Amino acid sequence: MADHLAKDNWTDIERVQRMAKTYTMRYDSVFWETLFSLTNSEPKHVVADFGCGPGLFLVDIANRFNAHTAIALDESSQMLAVAETNLKGLAKLKSIEIRLVNFDTDKIDIESSSIDFAFSGFMLHEVANPRKFVSVVHRLVKLGGTYVVYDYVSGNEEKFVKAMVKNGISEEHARKRYPHMCKHSAADIKEILETSGFSNCQSQIIDEFRAVAVGLKR
Ligand SMILES: C[S@@+](CC[C@H](N)C(=O)[O-])C[C@H]1O[C@@H](n2cnc3c(N)ncnc32)[C@H](O)[C@@H]1O
């Protein structure tokens with residue numbers, strides 16, 4: 001996977017640890033303010049993170065929304081092992097579901113219309129067919145439920161490259177990865193949610209290379 005420019009090798013334990021270590025920097029106060037400005041604060045009983053990585057967002061959102069069930073989905077068993085430990089240790093839940101699944105090739109074995117709050121963070125640019133994937137998420141979300149996508153977006157290559165270099169990636173590699181990691185604009189992500197069946201879609205730019213998009217299932 002070394003030459004896959006949209007995604008890293010997420011089975012590599014160092015990269016798994018880096019994802020966990022950089023969580024608070026990536027999910028900073030601007031992100032949370034944006035998320036809460038776009039979603040309501042009603043309790044959400046079942047929360048699911050598609051591409052959960054180390055599961056730290058799922059912990060925070062489950063606690064915040066008083067969820068009783070958290071569903072962690074990822075194709076990396078290494079990520080899921082860390083997510084399971086974090087969910088067991090840090091979240092107050094009745095049920096934790098850990099699902100090893102590749103969204104590009106596998107059927108997601110979850111009951112239709114069963115999720116109150118679905119989320120994908122820094123993941124949508126990695127799936128082979130975002131529209132097909134988001135249509136599946138739409139089927140799994142309950143009527144009245146929400147799907148939130150948080151991802152890198154296009155528009156400012158220089159700022160993206162600068163941020164990647166700060167994280168230890170070479171400038172040359174960051175430039176190569178920009179069209180793959182920032183392949184969607186905020187408007188593109190909103191449009192993907194709309195054409196996949198979500199209503200009342202909104203997107204908000206967080207900074208030069210990050211945005212949050214939200215859709216409701218009606
Ligand atoms: C950049 S990491 C982000 C992890 C987490 N959402 C976070 O922000 O901390 C992307 C995650 O998506 C998962 N992923 C990427 N493509 C996937 C696919 N096709 N099916 C399932 N999981 C996938 C990876 O294994 C990885 O854990």
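All values below were derived from every heavy atom in this structure, side-chain atoms included, with hydrogens, water molecules and symmetry-related copies excluded. Remember, predicted model here, so these are calculated numbers, not experimental data. In listed order, ligands and their atoms are each counted from 1. For reference, positions follow the sequence shown, starting with 1.
Between Lys88 and Glu84, at least one side-chain N (NZ, or NE/NH1/NH2) sits under 4.0 Å from a carboxylate O, which counts as a salt bridge.
Relative to the ring axis of Phe209, Lys159 does not place its NZ or CZ within 45° and under 6.0 Å from the centre. The cationic atom of Arg175 (NZ for Lys, CZ for Arg) does not lie both less than 6.0 Å from the six-membered ring centre of Phe160 and within 45° of the ring axis.
Applying the ring pair (Phe, Tyr, Trp, His ring centres under 6.0 Å) criterion to Tyr27, with sequence neighbours excluded, gives Tyr23, Phe31, Phe57, Phe122, Tyr150. Remark: Thr195 pairs with Arg131, Glu191 by the side chain to side chain contact (heavy atoms under 4.5 Å, CB included) rule, at least two apart or across chains.
Counting only residues at least two apart or on different chains, the side-chain hydrogen bond (donor to acceptor under 3.5 Å, both in side chains) pairs with a member in residues 115-129 are Trp10-Glu126, Asp116-Lys142, Ser120-Tyr147, His125-Asp151.
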Please give the N or O to N or O pairs under 3.5 Å between ligand 1 and the protein, distances rounded to 0.1 Å.
from, atom 1, to, atom 2, distance (Å)
ligand 1, 6 (N), Gly51, O, 2.7
ligand 1, 6 (N), Gly121, O, 2.9
ligand 1, 8 (O), Arg26, NH1, 2.8
ligand 1, 8 (O), Tyr27, OH, 2.6
ligand 1, 9 (O), Arg26, NH1, 3.3
ligand 1, 9 (O), Arg26, NH2, 2.8
ligand 1, 16 (N), Lys7, NZ, 3.2
ligand 1, 16 (N), Glu75, OE2, 3.3
ligand 1, 19 (N), Asn102, OD1, 3.2
ligand 1, 19 (N), Asp104, OD2, 3.4
ligand 1, 20 (N), Phe103, N, 2.9
ligand 1, 22 (N), Glu75, N, 3.2
ligand 1, 25 (O), Asp74, OD1, 2.5
ligand 1, 27 (O), Asp74, OD1, 3.2
ligand 1, 27 (O), Asp74, OD2, 2.7

